[in-house]
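Data block below; observations after.
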Amino acid sequence: MAVGSLVIHNISETPPFPLDDEKAGRVNEDLRLHYRYLDLRRPGMFHALKLRSKAAKATRDYFDEEGFLEIETPCLFKSTPEGAREFLVPSRLNAGKFYALAQSPQQYKQMLMVAGVERYYQIARCFRDEDLRADRQPEFTQIDIEASFIEREDMYALVEGMLARIWKEVLDVEIRTPFPRLAYREAMDRYGVDKPDTRFGLELVDLSGLFKASAFKVFAGTVSSGGVVKALNAKGLADATQGEMRDLENAAKSLGAKGLAFIRVTPEGEWKSPILKFFSEEERAELKRILGIEPGDLVFFAATEWERACTILGRVRLDSAKLLEKRGRLSIPQGQYNFLWVIEFPLMLFEEEQGRFVAAHHPFTAPVPEDVPLLDTDPKAVRGQHYDCVLNGWEIAGGSIRIHQPDLQKRVFEEILQIPADVVEERFGYMLRAFKYGAPPHGGIAFGFDRLVSLLAGKPMIRDVIAFPKTQKGQDLMSDAPGSVTPRQLRDVHIELAGVEDM
RNA sequence: GGGGUAGUAGCUCAGUUGGUUAGAGCGCCUGCCUGUCACGCAGGAGGCCGCGGGUUCAAGUCCCGUCUAUCCCGCCA
């Protein structure tokens, strides 16, 4: 090779941190976010952007071939009474009025169904003004899907096809369809969460029957007052350190446990436990049989209301798995993708604080037809036509068949959810009207695209698959957003700041 | 709103029971060498120890407050 001429287009200053993947991966993230344009030069970050682009293209190709239309819906929407806290946008042209940034295109896409679109999808930006987490951003992206004349089975097949297509094109991995299905009740019973990671066992076991009449009052009393006794055998974790046990107990307590009872089985097979003295010989034998207890095991108990007991042990199960992985006694292979559907969710949950029912998914979810009569008599027992798609312990999508009958929707708003009629009219009047014009039965689902890509990329944080993510306080460190505005701008939008310093 | 972790050189970190001029690796600068490629050699610059108080003869180190980032709980129909 011979150089004919050399042009220096620009001279670079020394970058503030190394740009090779190995070193930069350990650099403070706030520094990387300040210089995001440099961070994105790293091969690993560029790879993630490319992967994201490929996933989006595979999605579009798939839905295009399936006859779906990609339709954009407004980001500037109106505030809705239930659901996530919204970002408010003051209206200059309408003094004192506000838009809300759409939490999702939910209501628009249902209107598209009424409009006869029949097959809609969109890779949509959504906004929620809630506190952030490693897997949450204030603005995030959904693959949003809705179709008319569709039932749950159609939706499962459609979505499985989409995921198979994405996995094939992005990773060249064949995933097995159809996905297994798990009822919400069973997911909670066996795994203690509604988004189980089924790549490993350590399943929860119900011992309520065994301890119903036990001499151990704590367990027997819980069962007789309607609670449950559940246990989890963390196989091979008997050598958990004091610190690890304390962490597990604290995790359990944070979920409402009073403590975390356990039995530690020494390598010699001796059972050690503060509660062992309360168990009869028969109970010990049954425990050993049911839980398959062997030397080296560590068994945890939770005795309280069903849901809480499940949740507590569900958390202990995940934490135990991590500890076992650390010891090399449990291995979760990279590249294993356990997709599954969680179905048969309750339609309503009773919200103690508000003293009323709230929608488990959202108020547009249709009840299972045969459960409709229960709406009046026993709302808690009504199952919704709701489905979640779960991958390796992550809820990657959720959706439902919707209510399309105006009278039923009105009933759910006013009678079940106890939203005042005038509020219903103000917020949802247009929907109820729309449904009166021959709304087709319809349903849909929405995927968290950022999470999906992070799982494809094998990255633990969605910030790593978003070009310009925000910090936990919702700031963009590169551009320094949000920032202050001039008094003139505030006047334009009819806003006065109260009690805010440093303007 | 609550709890945990972290903050020392451009970056990653060390810094003992509080004790003299705060160190290392990488990077940077200068020179030398060079078919090099995690080059090598010699030399050098670079520090409000996050910020503000306090204790003390003496604080990077102890105490209080605060800021920032992050993880979690609440929250996320």
Side-chain angles (χ1 to χ4, degrees), chain A residues 1 12-35 38-39 42 77 79-87 100 102-107 110 126-140 142 194-195 243 246-248 250-257 311-312 315 318-319 322 345-354 356-365 384 386 388 395 398-400 402-403 409 412-413 416-419 427-428 446 448 450-451 460-464 469-477 480 502:
Chain A
M1 186 199 285
S12 175
E13 289 189 10
T14 304
F17 57 90
L19 298 185
D20 55 301
D21 278 323
E22 195 194 331
K23 285 177 187 156
R26 301 203 313 270
V27 172
N28 258 341
E29 201 184 357
D30 57 338
L31 190 76
R32 290 170 45 204
L33 289 174
H34 262 114
Y35 298 91
L38 297 181
D39 194 31
R42 297 162 47 208
F77 186 43
S79 187
T80 49
E82 300 209 338
R85 186 180 297 118
E86 298 155 322
F87 287 98
Q103 317 171 20
S104 78
Q106 181 64 35
Q107 292 170 52
Q110 289 193 246
C126 307
F127 306 87
R128 290 179 193 172
D129 191 10
E130 293 290 350
D131 284 2
L132 275 18
R133 291 281 191 284
D135 61 333
R136 275 193 237 157
Q137 283 278 301
E139 52 179 313
F140 60 99
Q142 283 186 346
D194 59 1
K195 47 177 185 179
R246 195 190 53 231
D247 290 346
L248 285 166
N250 286 340
K253 280 181 175 168
S254 77
L255 296 171
T311 306
I312 289 164
R315 170 68 181 271
L318 290 178
D319 290 352
K322 278 186 203 133
F345 284 85
L347 186 65
M348 311 281 173
L349 299 170
F350 191 75
E351 185 62 55
E352 306 269 346
E353 278 177 28
Q354 303 181 42
R356 66 182 186 104
F357 285 97
V358 295
H361 178 49
H362 60 45
F364 316 117
T365 300
H386 171 198
D388 274 357
E395 180 197 323
S400 64
R402 326 294 185 191
I403 298 170
Q409 182 68 75
V412 168
F413 283 145
I416 315 297
L417 299 178
Q418 303 272 300
I419 305 172
R427 312 284 185 173
F428 300 113
D450 307 285
R451 171 52 60 192
M461 290 185 303
I462 66 169
R463 289 193 297 272
D464 282 339
K470 293 187 171 55
T471 68
Q472 197 165 43
K473 281 208 172 157
Q475 297 181 332
D476 174 354
L477 296 180
D480 201 23
D502 185 32

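Proteins come first, then strands; the chains are lettered A, B, ... in the order of their sequence lines, and each starts at number 1.
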Sorted by chain and number, sequence neighbours left out, side chain to side chain contact (heavy atoms under 4.5 Å, CB included) with His34(A) holds for Leu477(A)
| task | Determine the Euclidean distance between corresponding P atoms of rC63(B) and rA59(B); express it in Å to zero decimal places. | result | 15 Å
### Query
When the C1' atoms of rG19(B) and rU61(B) are considered, how many whole Å apart are they?
11 Å
Please measure how far the P atom in rG27(B) lies from the corresponding atom in rG74(B), and state the result in whole Å.
-> 46 Å
Taken to the nearest whole Å, CG/Asn28(A) to P/rC11(B) is 8 Å
rC76(B) -> Watson-Crick or G-U wobble partner, both distances under 3.5 Å, gives none
In Watson-Crick or G-U wobble terms, with both distances under 3.5 Å, the base opposite rG46(B) is none
Practice item. Say whether, by atom type as modelled, one donor and one acceptor occur between the side chain of Glu86(A) and the main chain of Ala100(A) under 3.5 angstrom. Key: no
For Glu29(A), the side chain to side chain contact (heavy atoms under 4.5 Å, CB included) test, sequence neighbours excluded, returns Arg32(A), Leu33(A), Met461(A), Arg463(A)
Atom NE2 of His34(A) and atom P of rC11(B) are separated, to the nearest Å, by 12 Å
What contact category does Gln475(A) fall into here, base, sugar-phosphate, or nothing, at under 4.0 angstrom with non-hydrogen atoms? sugar-phosphate
Hits for side chain to side chain contact (heavy atoms under 4.5 Å, CB included) against Pro16(A), two or more places apart or cross-chain, chain-then-number order -> Tyr35(A), Leu38(A)
Applying side-chain hydrogen bond (donor to acceptor under 3.5 Å, both in side chains) to Arg356(A) and not counting sequence neighbours gives Glu82(A), Gln354(A)
Answer for the Watson-Crick or wobble partner of rA59(B), both distances under 3.5 Å, is none
Residues passing the side-chain hydrogen bond (donor to acceptor under 3.5 Å, both in side chains) test with Lys470(A), sequence neighbours excluded, are Glu139(A)
In whole angstroms, the gap separating C1' of rG50(B) from CG of Leu477(A) amounts to 15 Å
Say you pick atom P in rA45(B) and the same atom in rG10(B); how far apart are they, in whole Å? 15 Å
Taken to the nearest whole Å, CG/Asp30(A) to C1'/rU5(B) is 14 Å
Which part of the nucleic acid, if any, lies within contact of Asp20(A), taking any heavy atom under 4.0 Å across all strands shown: a base, the sugar-phosphate backbone alone, or nothing?
nothing
query: Relative to the ring of Phe428(A), is the ring of Phe413(A) parallel (under 30°), tilted (30 to 60°) or perpendicular (over 60°)?
result: parallel
Between Pro16(A) and Gln106(A), the residue closer to the 5' end of RNA chain B by nearest nucleotide is Pro16(A)
Arg85(A) meets the side chain to side chain contact (heavy atoms under 4.5 Å, CB included) criterion, sequence neighbours left out, with Asp129(A), Glu130(A)
Using the P atoms only, state how far rG50(B) lies from rG44(B), rounded to an integer number of Å.
-> 28 Å
Q. Taking the same atom, C1', in rG23(B) and in rA14(B), what whole-Å distance lies between them?
A. 7 Å
Return the polar atom pairs (N/O with N/O) between nucleotides 24-30 of chain B and the protein under 3.5 Å, or none.
from: rC26(B); atom 1: O2'; to: Lys23(A); atom 2: NZ; distance (Å): 3.4

Looking only at atom C1', what distance separates rC13(B) and rC76(B), rounded to whole Å?
37 Å
When rounded to whole Å, the CG to P distance for the pair Leu38(A) and rC11(B) reads 13 Å
Contacts of Arg128(A) meeting side-chain hydrogen bond (donor to acceptor under 3.5 Å, both in side chains) (sequence neighbours excluded), chain-then-number -> none
When both distances are under 3.5 Å in a Watson-Crick or G-U wobble arrangement, the nucleotide paired with rU5(B) is rA69(B)
Interatomic distance, CD@Gln137(A) vs SG@Cys126(A), rounded to 0.5 Å, equals 13.0 Å
Distance, P atom - from rU12(B) to rU17(B), rounded to whole angstrom
26 Å
The Watson-Crick or G-U wobble partner of rG25(B), with both key distances under 3.5 Å, is rC11(B)
_Is the distance from the ring center of Phe127(A) to that of Phe77(A) below 6.0 Å?_
no
Exercise. Base, sugar-phosphate, or nothing for Val27(A), non-hydrogen atoms under 4.0 angstrom?
Worked result: sugar-phosphate
Here the distance between atom P of rC13(B) and atom CZ of Phe17(A), to the nearest Å, is 14 Å
The Watson-Crick or G-U wobble partner of rA38(B), with both key distances under 3.5 Å, is none
With sugar-phosphate taken as primed atoms, P, OP1 and OP2 and all else as base, the protein-contact string of nucleotides 70-76 of chain B at under 4.0 Å (heavy atoms; B, S, -) is BBSBBBB
